[in-house]
Protein chains: 2
Amino acid sequence: MVVSIELSDAEVDRLFHALADATRRDILRRSVAGDLSVSRLAADYPMSFAAVQKHVAVLEQVGLVTKIRNGRELLVRSDPDTLRRARLALDQLEEAWRGRVERMAAVLDDE
Amino acid sequence: MVVSIELSDAEVDRLFHALADATRRDILRRSVAGDLSVSRLAADYPMSFAAVQKHVAVLEQVGLVTKIRNGRELLVRSDPDTLRRARLALDQLEEAWRGRVERMAAVLDDE
DNA sequence: AATTGATACAACCATTTGGTTGTAGGTTAT
DNA sequence: ATAACCTACAACCAAATGGTTGTATCAATT
């Protein structure tokens, strides 16, 4: 059974904003492929460690990622459920479109 | 046949950014339901006409919307293709996840 | 215990964003 | 022609964003 999830405007705002940055999307992709520490991630971007840390924090605040302690490092782990919620928001927008197309088709059928 | 579309990082940045605002998403939904003039749209938001105009401009710049002259007003029309491109970007992120799940399942099968 | 490595966090800065008001340019209606 | 309406655009402002450096904390290694 699929539970219909209610997404608040504010949450969708933050979700899309988190996804609207190439570095953050790249961090997401890489942490999906396998858990990586923040410093390991940071090594591959042309910016300071602190900057990458901030990007991870943005992803973490919207739940796209969680951090797991492993010795003295923190592994960044992506959360597929949150990504699904982002998709749901897009789906709802697209659904409005499908509805319109159907209504137009119905009008045409009436003639 | 579905053509695999290449989305540049910059384009996805702008796409998600355009969607990361509740007012803009609402304008999208309303213009999907039926073409509306900018002033008609603006009348229903608690902000100035110029502010709404800017939101429409953001949607227009990323191609989520186009404007069509109708007498002295400009109708805002949504473009479903661009919305689909946004979804494609999300799908590609999700696909990375599916790939991981499959690899993990394969590892488990090997044991 | 001292050092090193990984992270957190504050302070700061430039740029962008989202809002405002005001002015100007077309289009329709009277 | 004039008035009324719709849109465009510039100038301005406060707040948020994305980056920096510096300092502090905490865990592991030696």
Rounded distance (Å) that lies between atom C1' of C/dT27 and atom CG of B/L74: 11 Å

From the set C/dA8, D/dA11, C/dA6, return the single nucleotide nearest to any side-chain atom of A/S39. C/dA6

Considering every strand and a 4.0 Å limit on heavy-atom distances, what is the contact class for B/R24: base, sugar-phosphate, or nothing? sugar-phosphate

DNA chain D nearest-nucleotide lookup for B/A50 and B/R72: closer to the 5′ end is B/R72

OP1 or OP2 of C/dT20 less than 4.0 angstrom from a side-chain nitrogen or oxygen of B/K54, does that happen here? no

Side chain of B/A51 (C-beta onward), nearest among D/dC6, C/dG19, D/dG19: C/dG19

Straight-line distance of A/L88 CG to A/L83 CG, nearest 0.5 Å: 12.0 Å

In whole angstroms, how far is the P atom of C/dG5 from the CG atom of A/N70? 18 Å

If I compare all heavy atoms of B/L19 with all of B/R25, which pair ends up nearest, and what's the gap? O-NH1, 2.7 Å

Residues, nucleotides or ligands: over 12 heavy atoms within 6.0 Å of A/R29 CZ: yes

If you take all heavy atoms of B/K67 and B/V56, which pair is closest and at what distance? CE-CG1, 4.0 Å

Starting from C1' on C/dA29, measure out to CD on B/E73 and report it in whole angstrom. 14 Å

A/R40 atom CZ is separated from C/dG5 atom C1', nearest whole Å, by 15 Å

Heavy atoms only, 4.0 Å cut-off, all strands: where does B/S37 land among base, sugar-phosphate and nothing? sugar-phosphate

Any side-chain N or O of B/H17 under 4.0 Å from OP1/OP2 of C/dT16? no

Mind checking if A/S48 touches a base, just sugar-phosphate, or nothing, with heavy atoms under 4.0 Å? base

Length of the CG-P vector between B/L75 and C/dT27, whole Å: 15 Å

Could you state the CD-P distance from A/Q61 to D/dT17, rounded to the nearest angstrom? 10 Å

What's the CZ-P distance between B/F49 and C/dG25, to the nearest Å? 17 Å

Linked, directly or transitively: B/V65 and B/Y45 (ILVMFWY side chains, under 4.5 Å): yes

Interatomic distance, A/I68 CD1 vs C/dT7 P [rounded to whole Å]: 13 Å

Which sits closer to the 5' end of DNA chain D, A/V58 or B/Q53, going by the nucleotide each is nearest to? B/Q53

